[in-house]
Amino acid sequence: SGIVGRPIWFVQPEQAIARHAENAYVDTAAVELRLPDQAVIRIAERRPEVRWLAGGVQYLVDRTGKVLGPAQEPADASVLVITDNSHLQLQPNEQIDLDAVKLAQDLALRLPVELGFTPAQIGWDFGLGVYVRSAAGQTIVFGRSEELERKLDVLNVLLQDSTPFTYLDLRPATPFYQN
């Protein structure tokens, strides 16, 4: 905070808050000065919600899509890892596409429960948006979260009918697939 050892009269709380805000893990910070010589600093931390795999590195990402930093340990099976094949190196405080994060979370929760389909991978591509891959190697492109219910309905029909496909694009009004 830069205020240790300084007379309370010369402490500028806004500067201390700004210093804390530079840290990607800090969501909010507040400084309260108390006479004769106390400063109370309250910090609300960001919590990682997902991992974003880019350039071979897993980055911790919070609920708002903010990159917190590289993960120090591998993700366990319960953590959603979104694969980005762009090979970009991300920095703390960078912003990931929030729609992509939320859509990936929705798909990770809804596909197994509602459609009985467990993705082997959930990924993001600059041109495609969010996509999933099955254990059998099928690629299903969702793009963005718009019209998600329609996209899930189309996928459900194809899965129920056991329609063979290797690539399914749900983005257009008339989805298409190829085998």
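If you read the sequence from its start, that first residue is 1, and numbering goes on from there. The basis for the numbers below is simple: all heavy atoms, side chains too, and nothing from hydrogens, waters or symmetry mates. Note that this is a predicted model, so its numbers are computed, not measured.
Remark: Glu147 engages Arg150 in a salt bridge (Lys or Arg N to Asp or Glu O under 4.0 Å) (not counting sequence neighbours). Annotation: salt bridge (Lys or Arg N to Asp or Glu O under 4.0 Å) contacts of Arg19 (sequence neighbours excluded): none. A search for salt bridge (Lys or Arg N to Asp or Glu O under 4.0 Å) contacts involving Asp84 returns nothing, not counting sequence neighbours. Looking at residues two or more places apart in sequence or on another chain, you find a salt bridge (Lys or Arg N to Asp or Glu O under 4.0 Å) between Asp27 and Arg46, Arg63.
Shown here for Val132 and Phe117, the closest heavy-atom pair between the two residues is CG2-CE2, 4.0 Å. The minimum heavy-atom distance between Lys66 and Ala24, with the atom names listed, is CD-O, 4.3 Å. Of all heavy-atom pairs spanning Val101 and Ile82, the tightest one is CA-CD1, 4.3 Å. Nearest approach of Thr139 to Arg133, heavy atoms of both residues: OG1-NE, 3.1 Å.
Proximity of Leu152 to Leu107: side-chain heavy atoms (C-beta onward) are separated by under 4.5 Å at one or more points. With a 4.5 Å cut-off on side-chain heavy atoms, Asn156 and Asp153 do not count as touching. Within the 4.5 Å cutoff, the side chain of Ile96 has heavy atoms near those of the Leu90 side chain. Using a 4.5 Å heavy-atom threshold, the side chains of Leu148 and Arg110 count as touching. Two residues are said to be in side-chain contact when any heavy atoms from C-beta on lie closer than 4.5 Å; Val40 and Arg42 meet this criterion.
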Problem set entry | Asp62/Thr64 under side-chain hydrogen bond (donor to acceptor under 3.5 Å, both in side chains): CA gap, chis, key distance, verdict | CA-CA 5 Å; Asp62 79 346; Thr64 67; 2.8 Å; yes

Taking only distance into account, with no hydrogens and no angle test, what donor-acceptor pairs under 3.5 Å do side-chain atoms of residues 2-18 form with protein atoms, sequence neighbours excluded?
residue, atom, partner, partner atom, Å
Arg6, NH2, Phe10, O, 3.2
Gln12, OE1, Gln15, NE2, 2.9

When the side chains of residues 169-179 are checked against the rest of the protein, which donor-acceptor pairs come out under 3.5 Å, sequence neighbours left out?
residue, atom, partner, partner atom, Å
Asp169, OD1, Arg171, N, 3.0
Asp169, OD1, Arg171, NE, 2.9
Asp169, OD2, Arg171, NE, 3.3
Asp169, OD2, Arg171, NH2, 2.7
Arg171, NH1, Gly127, O, 3.3

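Applying the ring-ring contact (aromatic ring centres under 6.0 Å, His included) rule to pairs touching residues 142-174 yields nothing, sequence neighbours excluded. The stretch residues 26-56 participates, sequence neighbours left out, in these ring-ring contact (aromatic ring centres under 6.0 Å, His included) pairs: Trp52-Trp124. Among residue pairs with one or both ends in residues 48-57, those qualifying as salt bridge (Lys or Arg N to Asp or Glu O under 4.0 Å) are Arg51-Glu73; sequence neighbours excluded. Within the structure, ring-ring contact (aromatic ring centres under 6.0 Å, His included) pairs that include any residue of residues 21-50 do not occur (at least two apart or interchain).
Hydrophobic clustering (ILVMFWY, side-chain heavy atoms < 4.5 Å, transitive): Val157 and Val113 are in distinct clusters. Linking ILVMFWY side-chain heavy atoms closer than 4.5 Å, directly or via other members, places Leu60 and Ile43 in two distinct hydrophobic clusters. Linking ILVMFWY residues whenever their side-chain heavy atoms come closer than 4.5 Å, directly or via other members, leaves Val67 and Val26 in distinct clusters. Note on Val154 and Val141: separate hydrophobic clusters, where clusters join Ile, Leu, Val, Met, Phe, Trp and Tyr whose side-chain heavy atoms are under 4.5 Å apart, directly or indirectly.
In this structure, the separation between CG on Asp97 and OG on Ser145 is 9.0 Å, given to the nearest 0.5 Å. Within the model, atoms CD of Glu94 and CG of Leu68 stand 12.0 Å from one another, a figure rounded to the nearest 0.5 Å. Atoms CG and CG, on Leu111 and Asp106 in that order, are 9.5 Å from each other to the nearest 0.5 Å. Tyr131 contributes atom OH, which lies 4.0 Å from atom CG of Asn85 (distance to the nearest 0.5 angstrom). The CD1 atom of Ile122 sits 9.5 Å away from atom CD of Gln105, with the distance rounded to the nearest 0.5 Å.
Within 6.0 Å of the CD atom in Gln89, the count of heavy atoms belonging to other residues, nucleotides or ligands does not exceed 12.
Think of Leu98 as one node in a network of Ile, Leu, Val, Met, Phe, Trp and Tyr side chains linked at under 4.5 Å; it has no links at all. As a member of the Ile/Leu/Val/Met/Phe/Trp/Tyr network built from side-chain separations under 4.5 Å, Leu53 groups with Val81.
The backbone N or O of Gly65 lies less than 3.5 Å from no partner atom in the side chain of Lys102, so there is not a single donor-acceptor pair.
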